[in-house]
Amino acid sequence: REMEIPFIISGKNVPKGMEIKGLGNTADSIVFHAGTTAKGGKTFTAGGRVLAVTSFGDNITDAVGKSYKTIEGIGYEGKYYRTDIGKDLL
């Protein structure tokens, strides 16, 4: 049975207009855009809850691991995400 778990990436006082890098390396996950904007082929922060990352795996450990790997590869100034999501299910 396949498992999935979503993670929200936000920020603490993330300035609008900060370029988001690493979105091209998300093959193991689905990245949903919320507080983003695009300009000139690049993606920028637009405030609030910036992205949501969901990954699928054969079990919860696999799904959580893939999500954290994807999140760690995405970068922008002020990025914040909780590191306890899914830990209570492991």
key: Check against side-chain contact (heavy atoms from CB on, under 4.5 Å), Phe7 and Ile71   = CA-CA 9 Å; Phe7 292 79; Ile71 291 168; 3.5 Å; yes
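- Put simply, the side chain of Thr45 gets close to the backbone of Pro15: a donor and an acceptor are under 3.5 Å apart.
- Side chain of Ser10 to backbone of Arg49: no donor-acceptor contact under 3.5 angstrom is found.
- Gly57 and Lys66 make their closest contact through CA-NZ, 4.4 Å (heavy atoms, listed as atom of the first residue, atom of the second, distance).
- Thr26 places a side-chain N or O within 3.5 Å of a backbone atom of Leu23 that can act as its donor or acceptor partner.
- Ile74 and Ile30 fall into different hydrophobic clusters, where Ile, Leu, Val, Met, Phe, Trp and Tyr residues are linked whenever their side-chain heavy atoms come under 4.5 Å apart, directly or through other members.
- Ser29 contributes atom OG, which lies 9.5 Å from atom CZ of Phe56 (distance to the nearest 0.5 angstrom).
- Thr36 places none of its side-chain heavy atoms less than 4.5 Å from the side chain of Phe44.
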task = Could you go through the side-chain contact (heavy atoms from CB on, under 4.5 Å) check for Val53 and Ile9 one step at a time?
result = CA-CA 8 Å; Val53 174; Ile9 308 174; 3.7 Å; yes
key: Test side-chain contact (heavy atoms from CB on, under 4.5 Å) applied to Lys79 and Tyr81, step by step   = CA-CA 7 Å; Lys79 178 179 87 171; Tyr81 60 96; 3.8 Å; yes
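- Taken to the nearest 0.5 Å, the CG atom of Asp28 stands 8.5 Å off from the CG atom of Asp62.
- In this structure, the side chains of Thr43 and Thr37 stay at 4.5 Å or more apart for every pair of heavy atoms.
- Looking at heavy atoms from C-beta onward, Tyr76 lies in side-chain contact with Val50 at the 4.5 angstrom threshold.
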key: CA sep, side-chain torsions, deciding dist, call: Val14, Glu77, side-chain contact (heavy atoms from CB on, under 4.5 Å)   = CA-CA 7 Å; Val14 176; Glu77 184 179 318; over 6 Å; no
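- Between Tyr68 and Asp84, the shortest heavy-atom distance links the atoms OH-N, 3.6 Å.
- In this structure a side-chain-to-backbone donor-acceptor pair under 3.5 Å is missing from Lys42 to Glu19.
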